[in-house]
Novice: 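Starting off with a structure, shown below.
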Amino acid sequence: MIGLSLLAYGFALLNPASLVLLLLGAYGLIVQLFPMVMGALFLPRLRRASVMLGALVGSIAYLLMDFVWSSPLGWHAGVWAMLLNVAVVALCQVCLQPRAQGHAVAGQEQ
C-alpha cells in the first residue's frame, strides 16, 4: 500500500497537469447535483423525476463531451452539461403532470 501511494505521489510530481484534469473531470460530474441541492433548499415544488432525469442527462452529456467529442466553443464540458441539465429539469417541470393524490394502488382499497 505504501509503495502504491509513493508511486502515485511520484506520478503526481512528474505530471502535475494530470491532477488538474482529474479534478476538472470530477467536478464536471459533481456539478450535475446542483439542481437537486438548489431544489431541496429553495424550490420545494421541483419534482424528483425532473431533477433525476436532469442529472442523468447532464452526466451522460458530460461524459460524451469529455470522452467522445469536444465541447462547443472551447468551454468546459461540465458547463454545457449543466446548462443541459437545467434545461431538462425546466422542461420536465412544464411537461410532466404530477400524480394525482388519493388514487388507489392496484390490489388495495381506499
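Remember, predicted model here, so these are calculated numbers, not experimental data.
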Novice: For the hydrophobic clusters of this structure (ILVMFWY residues joined by side-chain heavy atoms under 4.5 Å, transitively), does one cluster hold both Val86 and Phe34?
Specialist: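 Yes, Val86 and Phe34 fall within the same hydrophobic cluster.
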Novice: How would you list, by chain and number, every residue that makes a side chain to side chain donor-acceptor pair (under 3.5 Å) with Ser59, sequence neighbours excluded?
Specialist: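 Residues passing side chain to side chain donor-acceptor pair (under 3.5 Å) with Ser59: none at all.
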Novice: Is there a donor-acceptor contact under 3.5 Å from the side chain of Trp75 to the main chain of Trp80?
Specialist: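 Looks like no, no N/O pair under 3.5 Å.
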Novice: Give me the atom names and distance for the closest heavy-atom approach of Val31 to Gly78.
Specialist: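 Val31 and Gly78 have their closest heavy atoms at CG1-O, 4.2 Å.
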Novice: Do any side-chain atoms of residues 62-69 form donor-acceptor pairs under 3.5 angstrom with protein atoms, and if so which ones, sequence neighbours left out?
Specialist:
| unit_1 | atom_1 | unit_2 | atom_2 | d |
| --- | --- | --- | --- | --- |
| Tyr62 | OH | Gly25 | O | 3.2 |
| Tyr62 | OH | Asp66 | OD2 | 3.2 |

Novice: Check for a donor-acceptor pair, side chain of Gln93 on one end and backbone N or O of Arg47 on the other, with a separation under 3.5 Å.
Specialist: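 Between the backbone of Arg47 and the side chain of Gln93 there is a qualifying donor-acceptor contact (under 3.5 Å).
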Novice: Same cluster or not: Val51 versus Leu43, using hydrophobic residues (I, L, V, M, F, W, Y) connected whenever any side-chain heavy atoms lie under 4.5 Å apart?
Specialist: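 Yes; Leu43 is reachable from Val51 via cluster members.
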Novice: Nearest 0.5 Å, what's the CG-CG distance between Leu41 and Leu46?
Specialist: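 Spacing of CG (Leu41) from CG (Leu46) equals 11.0 Å.
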Novice: Please give me the minimum heavy-atom distance between His76 and Gly28, naming the atom from each residue.
Specialist: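 Answer, listing the atom of His76 first, then Gly28: CE1-CA, 4.2 Å.
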Novice: Between Pro35 and Val89, which heavy-atom pair has the shortest distance, and what is it?
Specialist: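 Scanning both residues, the minimum pair turns out to be CB-CG2, 4.4 Å.
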Novice: Is there a continuous path of hydrophobic side-chain contacts, each under 4.5 Å between heavy atoms, that joins Leu29 to Val37?
Specialist: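 No, because Leu29 and Val37 fall into different hydrophobic clusters, even though each may have its own neighbours under 4.5 Å.
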Novice: Please answer: with hydrophobic residues joined when any side-chain heavy atoms are less than 4.5 Å apart, are Leu56 and Leu83 in the same cluster?
Specialist: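 Result: yes, single cluster for both.
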Novice: If you look at every heavy atom in Ser50 and Cys92, which pair is closest and at what distance?
Specialist: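 Smallest heavy-atom distance, with atoms named: OG-CB, 3.4 Å.
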Novice: Please round to the nearest 0.5 Å and tell me the distance separating atom CE of Met38 and atom CG of Leu33.
Specialist: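 The CG atom of Leu33 is 11.5 Å from CE of Met38, to the nearest 0.5 Å.
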